[in-house]
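Worksheet: one structure, shown below.
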Amino acid sequence: METFPSLLQQHATQSGNRTALRMKKHGIWNSYTWSEVANEVQKLACGFAATGLKPGEKVAVIGNNVPPLFFSILAVQSLGAVPVTMHADSTTDELKGLLENCEARFAVLQDQQQVDAIYEVIKELPLLTEVVYFDVRGMQEYDHTHLKSYIEFEDLGEQFAKEHPNFMSDVAAKVTPETDAFIVYTAGTSGQCRGAVLSHSSFLTTGQVFADQEGISDNEEVYAYLPLCYASTLFFVYTLWMVKGYTINCPESNETILSDMREVGPSMFYAPPHFYKLLYSQINSRSESTKSKLLDKHMSKLLTEGRSWLGDKLVFNQIKDLYGLSHIKHAYVGGDVLSEEVFRFYVALGVNLKATYGCAESAGCMSVQGSSDLKSDHSESMVGAPLPGVDVKIGADQEIMFKGMNAFKGYYRDEAHTSAVVSADGWIKTGDVGELVDGHIHVIERADCISKFNNGADFRPKQIENALKASPYIMDAVVIGEHKDHMAALIVIDAATVGAWAERRQMQFTGLRDLATKDEVVELISTKIKDVNDCMEHVGGTNCPQIKRHTILHKEFNAGIGEMTRSRKIRRDIIADNYKPLIDALFADADKFDVTDSNGELVAQLRLQTA
């Protein structure tokens, strides 16, 4: 059985001149062949070895999708050490907690932003002995006692390699399929993040099975823009890259993700629901803003009547070209459930979109939709039969459980939570409620989100929230209804699409806060609330009460203060606590709510609406 370093050597030997990795810099796409990747990895691995990294020790890798971070992951794994990927935008407190928890000896960083986050607390992390950074801009005035530039580190590695010519092949040969390959931190939607320990075998065996089932080839062009800390990125980008030897393409920056994607034209693409929703909103906004009756005509008929030859030629092919979707053969969504309306839009557009299901504990994937799932009434939440080698069952309280080739080893330094999640016979709890329909997984809701209305009906908020977020004008929605007779909703509008909508109507506004209070915007959102209420039995289930009250918030939910995870999953307990006075006012039938700052100054006056 293979390991990540053994696969790298295979690609370098058998396909050395093929392009392995590209990144856009200063408007130009720069490429690395497999031979060049292997060379970079060797220099870094020897640099780590020269500074004392030992097998089994942990190395934090923090940043966006840039080649040096991919090289660093491979270098760490080649030494039998363990990369721990972390979010590029993590705060100092977040990083300090994760670095302490995983006992990181080294940290590899992208640029000054991450250095600043660690620099303040590096003296409080006695195990962290070396920090390597890639981008040298702004780094001249720092105390370099614990800092090394990427170039310095490579130079150190080159010298070490000259002195130890057989080191790389010897140490990489000692890495086994059961060696720890990653520590992947969970999203923490229900509390503290935990580090799931996964072996080379967990990722690579699952990746090989997935690639065989889905027909993934070595000619794929894959777009890498999601944070490296996601289990899904490590699976759908990194693992499949090493399994198949295709080409990864990295955008120049977070600001150029959409334009660079259009240039790449990926053949395989994975994204969470909010990315597909973003494109959907932009496409709809563009459709509404154009004066072309032809575009309006074909867009309005897309979901009901499907595509036509003329529509493809004049409208839909141009839309796919504009957003980099024309060459996609394999499109996947995961991490959460995409709303039915948005999901069916892409399928109707001709994008071969499939929902996947997985978690950090399952190496990022345990199932993918098949053709029968796409014909289901709930195709967006039917996530397919388990991959060969993965077993799934429904446990107590309808919780989805799994075991098999993709199973994690446990949470790092957390035996108590490992024991709470893994049964004595190896079944792993996912925390999701669902059912098996003819052997296929139907995901319903997070277990800790389900409660009851006063009438005894199940309160399953995610399905209702997804229906609301199907609107291109709603970015986020949180519904509250636990132990209530009806529901209330907190709405965050999409500033871009609502702003464009308002400008087409020549409305004057000064920003999101002002826009959220406009009569026309309030009516626009009220119409969407009514649409969801009209189909509430289908969306929320039998006897589900309606959304009686709602308000448009003056700001977006903030990951920095814990209202959502870095992957944009809502933390319901934090929202309930932070917005308790507002929620109380909604259920008390108040017509307005004053938001004040810590000094008692008025920040915004929210309008509380009755449906």
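As a basis for the values below, the full set of heavy atoms in this structure was taken, side chains included, without hydrogen atoms, waters or symmetry mates.
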Checklist entry - Given L258 and L279, is the side-chain contact (heavy atoms from CB on, under 4.5 Å) satisfied, shown in steps? => result CA-CA 9 Å; L258 292 180; L279 293 189; 3.6 Å; yes

Mind listing the closest non-hydrogen atom pair of [X] and [Y] along with its distance?
X	Y	answer
V333	L338	CG2-CB, 4.3 Å
T85	C229	OG1-CA, 3.3 Å
A196	A360	CB-O, 4.1 Å
M23	P251	CE-O, 3.5 Å

Side chains of [X] and [Y], heavy atoms from C-beta outward: is any pair under 4.5 Å?
X	Y	answer
V66	D111	no
Y185	N101	yes
K462	I570	no
I493	L512	yes
M242	E2	no
K277	S281	yes
Y119	V131	no
L204	T239	yes

Euclidean distance, [Y] [atom2] relative to [X] [atom1], rounded to 0.5 Å:
X	Y	atom1	atom2	result
L99	L128	CG	CG	6.0 Å
W34	Q14	CH2	CD	11.5 Å
L387	S362	CG	OG	9.0 Å
I474	T497	CD1	OG1	9.5 Å
K244	L7	NZ	CG	11.0 Å
I283	L325	CD1	CG	6.5 Å

Next on the checklist: Testing Y223, F70, F203, F4 one by one against W241 for a ring-ring contact (aromatic ring centres under 6.0 Å, His included), which residue passes?
Outcome noted: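 Answer to the ring-ring contact (aromatic ring centres under 6.0 Å, His included) test with W241 among Y223, F70, F203, F4: F70.
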
Main-chain N/O of [Y] paired with [X] side-chain donor or acceptor, under 3.5 Å:
X	Y	result
N406	C365	yes
T13	Q10	no
D260	E252	yes
S199	E178	no
S90	L95	no
N30	I28	yes
Q369	A355	yes
T256	S259	no
T51	G47	yes
S202	A407	yes

Counterpart residues, side chain to side chain contact (heavy atoms under 4.5 Å, CB included), relative to [X] (two or more places apart):
X	answer
D212	Q208
P177	M1, T3, S201
H274	P272, R568

Item to check | Counterpart residues, salt bridge (charged side-chain N to carboxylate O under 4.0 Å, His left out), relative to K148 (two or more places apart) | outcome: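 Counting only residues at least two positions away or on another chain, K148 forms a salt bridge (charged side-chain N to carboxylate O under 4.0 Å, His left out) with E130.
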
Item to check | With E563 via salt bridge (charged side-chain N to carboxylate O under 4.0 Å, His left out) - residues at least two apart | outcome: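 E563 satisfies salt bridge (charged side-chain N to carboxylate O under 4.0 Å, His left out) with K555 once adjacent residues are dropped.
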
Item to check | Test side-chain contact (heavy atoms from CB on, under 4.5 Å) applied to Y246 and I248, step by step | outcome: CA-CA 7 Å; Y246 54 52; I248 288 178; 4.1 Å; yes

Checklist entry - Who are the side-chain hydrogen bond (donor to acceptor under 3.5 Å, both in side chains) partners of Y270, not counting sequence neighbours? => result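 By the side-chain hydrogen bond (donor to acceptor under 3.5 Å, both in side chains) rule, Y270 matches no residue at all.
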
Item to check | Partner residues of F160 under the ring-ring contact (aromatic ring centres under 6.0 Å, His included) criterion, sequence neighbours left out | outcome: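 Expected list: H164, F167.
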
Next on the checklist: According to ring-ring contact (aromatic ring centres under 6.0 Å, His included), who are the partners of F210, at least two apart in sequence or on a separate chain?
Outcome noted: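 So F210 forms a ring-ring contact (aromatic ring centres under 6.0 Å, His included) with F235, F236, Y332.
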
Next on the checklist: Evaluate Y142 against D116 for side-chain hydrogen bond (donor to acceptor under 3.5 Å, both in side chains), listing each step before the verdict.
Outcome noted: CA-CA 10 Å; Y142 286 71; D116 284 342; 2.3 Å; yes

Item to check | Derivation of the side-chain contact (heavy atoms from CB on, under 4.5 Å) call for R137 and Q112 | outcome: CA-CA 7 Å; R137 289 176 296 179; Q112 186 180 10; 5.9 Å; no

Item to check | Parallel, tilted or perpendicular: rings of Y225 and F275 (30°, 60°) | outcome: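 It falls in the tilted class, 30° to 60°.
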
Item to check | N17 and T33: CA distance, side-chain angles, deciding distance, side-chain hydrogen bond (donor to acceptor under 3.5 Å, both in side chains) verdict | outcome: CA-CA 5 Å; N17 293 325; T33 65; 5.4 Å; no

Next on the checklist: With salt bridge (Lys or Arg N to Asp or Glu O under 4.0 Å) as the rule and sequence neighbours excluded, what pairs involving residues 219-238 come up?
Outcome noted: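 Pairs touching residues 219-238 that pass the test: R22-E221, E220-K329.
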
Next on the checklist: According to salt bridge (Lys or Arg N to Asp or Glu O under 4.0 Å), does anything in residues 5-21 pair up with another residue at least two apart or in another chain? List the pairs.
Outcome noted: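 Output for this query lists R18-D218.
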
Next on the checklist: Apply salt bridge (charged side-chain N to carboxylate O under 4.0 Å, His left out) to residues K409 and D180 and explain how you reach the verdict.
Outcome noted: CA-CA 9 Å; K409 293 183 173 183; D180 295 347; 2.6 Å; yes

Next on the checklist: Run the salt bridge (charged side-chain N to carboxylate O under 4.0 Å, His left out) test on K469 and E465 for me, step by step, so that the C-alpha distance in whole Å, both residues' side-chain angles and the decisive distance to 0.1 Å come before the verdict.
Outcome noted: CA-CA 6 Å; K469 289 189 291 184; E465 290 161 357; 5.7 Å; no

Next on the checklist: Between D89 and Q113, is the side-chain hydrogen bond (donor to acceptor under 3.5 Å, both in side chains) condition met? List the steps.
Outcome noted: CA-CA 8 Å; D89 295 331; Q113 177 184 349; 3.0 Å; yes

With a 3.5 Å cut-off and sequence neighbours excluded, list the donor-acceptor pairs that the side chains of residues 37-44 form with protein atoms.
from	atom 1	to	atom 2	distance (Å)
E40	OE1	Y150	OH	3.4

Next on the checklist: With side-chain hydrogen bond (donor to acceptor under 3.5 Å, both in side chains) as the rule and sequence neighbours excluded, what pairs involving residues 65-83 come up?
Outcome noted: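 Every pair satisfying side-chain hydrogen bond (donor to acceptor under 3.5 Å, both in side chains) with a residue in residues 65-83: Q77-Y238.
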
